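A short write-up of the structure that comes next.
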Amino acid sequence: MEKISSKLWLIGGTVIVVVLVVAAWGMARQTSKDNFCVTCHAYEKVSWDHGKHPEVGCIACHTKGVVRDKTAGMRKVFLTLTDQVDPHHDNLPSYKDKINDNCIACHFEEERVALMPFFKERHDEYRKHTEVCMGCHEAGHVIKLRDLRQPGVRLRI
Ligand code: HEC
Ligand code: HEC
Ligand code: HEC
Ligand code: HEC
């Protein structure tokens with residue numbers, strides 16, 4: 001009797017763990033989709049739709065790694081739901097160096113560079129003047145459209 005019940009616990013426990021892992025994975029996937037981002041960042045969707053990267057998802061440029069994305073994401077949902085920050089109106093921080101790393105990861109990827117070696121040579125030259133891709137490229141968002149949001153000063157936090 002003892003043995004059977006401990007076996008049952010083990011099976012039950014394993015099933016629960018599997019269900020939780022699958023649910024967490026599903027949540028992580030859903031919350032990485034553009035549709036989810038756009039619920040809070042409508043202006044940025046418009047400026048992105050008209051930019052040079054409509055086929056590149058939000059996360060590809062904005063990721064700081066899965067773990068940081070998800071913990072920062074939970075904080076953002078909390079700030080929004082508790083009315084501490086209104087992402088449609090308030091000033092938002094920007095992490096340009098992190099975005100820049102993501103531009104480089106895509107555009108200076110080995111296979112891509114091998115197809116157009118002069119691209120890298122010219123860019124090694126360009127980047128002596130300014131490290132930041134956005135200094136020369138209006139990438140991601142059409143700035144004029146993005147700035148229609150006219151972010152206000154953050155009063156709350
Ligand atoms: C529930 C609303 C909400 C959703 C959904 C949301 N955000 Fe945000 N976002 C915010 C808030 C609030 C801030 C400001 C956070 C702060 O002040 O620290 C913010 C800030 C940002 C910023 C600027 C600061 C930074 O972390 O780089 C970017 C970029 C951003 N969000 C991208 C995204 C992307 C990409 C998604 C989808 C994966 C997304 N957001 C989903 C509410 C949201
Ligand atoms: C090709 C890369 C790229 C993609 C794709 C992209 N962004 Fe951005 N995003 C940027 C860059 C670059 C900036 C910073 C612009 C600046 O401040 O010069 C930025 C800034 C932001 C900010 C900060 C607000 C601000 O005013 O600076 C938010 C929020 C944001 N993006 C949301 C999104 C959302 C939502 C999507 C998808 C619908 C998305 N981005 C897709 C590159 C991208
Ligand atoms: C997920 C990969 C990915 C990321 C991240 C990414 N790009 Fe792109 N980018 C592309 C693709 C795909 C295209 C369109 C096809 C092409 O020209 O190679 C493109 C096109 C471009 C173009 C050429 C547009 C034109 O006029 O033809 C520039 C410039 C550019 N990206 C700069 C950037 C910058 C700057 C960043 C960072 C803010 C960035 N990209 C982030 C994949 C990416
Ligand atoms: C000092 C200005 C400057 C900087 C900084 C710069 N670029 Fe460029 N980029 C250019 C110019 C000019 C061209 C067009 C001529 C060429 O291809 O060399 C270009 C072209 C491109 C193209 C299109 C290539 C093609 O023909 O398909 C991509 C993609 C690109 N840059 C990505 C980036 C990324 C990513 C960064 C950041 C690591 C970056 N650039 C930094 C000036 C710059």
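Each ligand, and each atom within it, is numbered from 1 in the order the structure gives. Source: prediction; values computed, not measured.
- Atom 28 (C) of ligand 2 has as its closest protein heavy atom Glu44 CG, 3.6 Å.
- Protein heavy atom nearest atom 13 (C) of ligand 3, with residue, atom name and distance: Glu55 OE2, 3.9 Å.
- Nearest non-hydrogen protein atom to atom 41 (C) of ligand 2 is Trp48 CD1, 3.4 Å.
- Closest to atom 14 (C) of ligand 2 among all protein heavy atoms lies Ser94 OG, 3.7 Å.
- Here is the list of ligand 1 atoms found below 4.0 Å of a heavy atom in Thr39: 5 (C).
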Let me see the working for Lys128 and Asp124 under salt bridge (Lys or Arg N to Asp or Glu O under 4.0 Å), right down to the final yes or no. CA-CA 7 Å; Lys128 283 185 192 148; Asp124 287 344; over 6 Å; no
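- Between His137 and ligand 3, no N or O atom pair is found at a separation short of 3.5 Å.
- Residue-ligand proximity, Lys96 to ligand 2, at heavy-atom distances under 4.0 Å covers atoms 16 (C), 17 (O), 18 (O).
- Residue Phe108 places its CZ atom among more than 12 non-hydrogen atoms of other residues, nucleotides or ligands, all under 6.0 Å distant.
- Atom numbering of ligand 3 starts at 1 in the shown order; those under 4.0 Å from a heavy atom of Ala60 are 1 (C), 5 (C).
- Smallest separation of non-hydrogen atoms from His62 and Asp69: O-OD1, 4.3 Å.
- There is a protein heavy atom closer than 4.0 angstrom to atom 8 (Fe) of ligand 3.
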Side chain to side chain contact (heavy atoms under 4.5 Å, CB included) evaluation trace for Arg149 with His88: CA-CA 7 Å; Arg149 184 158 74 81; His88 295 291; 5.8 Å; no
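- Under a cut-off of 6.0 angstrom, the local environment of CD in Glu109 is crowded, with over 12 non-hydrogen atoms contributed by other residues, nucleotides or ligands.
- In terms of heavy-atom proximity, Asn102 sits nearest to Thr63 at ND2-O, 3.0 Å.
- Across all non-hydrogen atoms, the minimal contact from Gln84 to Asp90 is O-OD2, 4.4 Å.
- Counting the atoms of ligand 3 from 1 in the order shown, those under 4.0 Å from a heavy atom of Ile99 are 38 (C).
- Closest to atom 8 (Fe) of ligand 1 among the N, O or S atoms of His41 is NE2.
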Can Lys45 and Asp49 be said to form a side chain to side chain contact (heavy atoms under 4.5 Å, CB included), step by step? CA-CA 6 Å; Lys45 171 175 176 8; Asp49 265 346; 2.6 Å; yes
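- Near Arg75, meaning under 4.0 Å from one of its heavy atoms, ligand 1 places the atoms 16 (C), 18 (O).
- Ligand 2 places these atoms under 4.0 Å from at least one heavy atom of Cys37: 35 (C).
- Proximity of Cys58 to ligand 2, defined as any heavy-atom pair under 4.0 Å, is shared by backbone and side chain alike.
- Using a 4.0 Å cutoff on heavy atoms, Ala72 does not count as a contact of ligand 1.
- Scanning all heavy atoms of the two residues, the minimum distance from Asp34 to Gly57 falls at OD1-CA, 3.5 Å.
- In plain terms, the two heavy atoms of Leu92 and His41 that are nearest each other are CD1-CE1, 3.8 Å.
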Passes side chain to side chain contact (heavy atoms under 4.5 Å, CB included), Thr80 versus Val85? Steps please. CA-CA 5 Å; Thr80 308; Val85 180; 5.6 Å; no
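- Numbered from 1 in the order shown, with element, the atoms of ligand 3 that lie under 4.0 Å from a heavy atom of Asn102 read 5 (C).
- Defined by atom type and a distance below 3.5 Å, a donor-acceptor pair is present between the side-chain atoms of Lys70 and Ser32.
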Give the intermediate values and the outcome of side chain to side chain contact (heavy atoms under 4.5 Å, CB included) for residues Ile143 and Ser47. CA-CA 7 Å; Ile143 303 295; Ser47 56; over 6 Å; no
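- Those atoms of ligand 1 with a heavy atom of Thr31 less than 4.0 angstrom away are 38 (C).
- Listed by atom number, the atoms of ligand 3 under 4.0 Å from Cys106 heavy atoms are 1 (C), 2 (C), 3 (C), 4 (C), 5 (C), 43 (C).
- Residues Phe36 and Thr31 come closest through the heavy atom pair CD2-O, 3.4 Å.
- Nearest to atom 24 (C) of ligand 3 by heavy atom, out of Lys52, Glu109, His53, is Lys52.
- Relative to atom 20 (C) of ligand 2, the option among Lys98, His107, His62 with the closest non-hydrogen atom is His62.
- Atom 23 (C) of ligand 2 has Pro93 O, 4.2 Å as its closest protein atom, hydrogens excluded (heavy atom only).
- At the top of the distance list for atom 18 (O) of ligand 3, counting protein heavy atoms only, stands Arg112 NH1, 3.0 Å.
- The option with the heavy atom closest to atom 16 (C) of ligand 2, from among His141, Arg146, Met134, is Arg146.
- Looking at atom 26 (O) of ligand 2, its nearest protein heavy atom turns out to be Arg149 NH2, 3.5 Å.
- For the pair Lys64 and Tyr95, the cation-pi test (distance below 6.0 Å, angle within 45°) is passed.
- Atoms of ligand 3 lying under 4.0 Å from at least one heavy atom of Cys133, given by number and element, are 35 (C).
- Using a 4.0 Å cut-off between charged nitrogen and carboxylate oxygen, Glu138 and Lys144 do not count as a salt-bridge pair.
- Using cut-offs of 30° and 60° for the angle between ring planes, the His137 and His123 rings count as parallel.
- The ligand atoms of ligand 1 that sit less than 4.0 angstrom from a heavy atom of Leu92 are 13 (C), 14 (C).
- The atoms of ligand 3 that sit less than 4.0 Å from any heavy atom of Cys103 are 34 (C), 35 (C), 36 (C), 37 (C), 38 (C), 39 (C), 41 (C).
- Distances below 4.0 Å separate heavy atoms of Gly57 from the following atoms of ligand 2: 5 (C).
- Distances below 4.0 Å separate heavy atoms of Cys61 from the following atoms of ligand 3: 5 (C), 41 (C).
- For ligand 1, the atoms sitting less than 4.0 Å from at least one non-hydrogen atom of Phe36 are 5 (C), numbered in the order shown with element in parentheses.
- Other residues, nucleotides and ligands place no more than 12 heavy atoms under 6.0 Å from the CZ atom of Arg68.
- The closest approach between a heavy atom of Asp34 and any atom of ligand 2 is not below 4.0 Å.
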